[in-house]
Amino acid sequence: MLVLTRRRGQAICIGEHIRVLVTRIGDGQVRLGIETPQGVSVLREELLDSVRKANRAARETVPDNFTHWLQVHRPALDHSSPEEAP
């Protein structure tokens, strides 16, 4: 881990395309501005952890009603042709 000291208005660059700017310091907090190329998402760590946990739970959960639906409809899905698709 790299630890840096920056003052308000100073920035660090990560690679060629990511810039982190210190915009405010005070009250035990640091406010950062993050510039990234379009399409690069920036998430708070706790939000990313929450999304990961929810995705993990969704993968591990198969609702009973879906299992029943799949048992009823699976034969029709297995034998349908692309022309019959809605």
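Basis for what follows: all heavy atoms, side chains included, without hydrogens, waters or symmetry-related copies. For the single chain, residues carry numbers from 1 onward in sequence order. The model shown is predicted, which means the values in this text are computed figures rather than measured ones.
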Problem set entry | Identified side chain to side chain contact (heavy atoms under 4.5 Å, CB included) counterpart of L48 within the set E46, E45, R44, R52 |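 The passing option is R52.
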Let me check something: do [X] and [Y] share a hydrophobic cluster, defined by ILVMFWY side-chain heavy atoms less than 4.5 Å apart, either directly or through other members?
X	Y	result
V30	L2	yes
V40	I14	no
V22	I18	yes
L21	L4	no

Problem set entry | Results of salt bridge (Lys or Arg N to Asp or Glu O under 4.0 Å) for R19 - residues two or more places apart only |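 R19 satisfies salt bridge (Lys or Arg N to Asp or Glu O under 4.0 Å) with E35 once adjacent residues are dropped.
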Exercise. Who pairs with E16 by salt bridge (Lys or Arg N to Asp or Glu O under 4.0 Å), at least two apart in sequence or on another chain?
Worked result: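 For E16, no residue satisfies salt bridge (Lys or Arg N to Asp or Glu O under 4.0 Å) once neighbours in sequence are set aside.
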For this session: Working to the nearest 0.5 Å, report the span between CZ of R6 and CD1 of I12.
Result: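 Rounded to the nearest 0.5 Å, the CZ-CD1 separation comes to 8.0 Å.
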Exercise. Does any N or O in the side chain of Q10 come within less than 3.5 Å of the main-chain N or O of R7, such that one atom is a donor and the other an acceptor?
Worked result: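 Pair found, side chain donor or acceptor close to backbone of R7.
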Exercise. Looking only at atom types and distance, does a side-chain atom of T23 sit under 3.5 Å from a main-chain N or O of R31, one as donor and one as acceptor?
Worked result: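 Pair found, side chain donor or acceptor close to backbone of R31.
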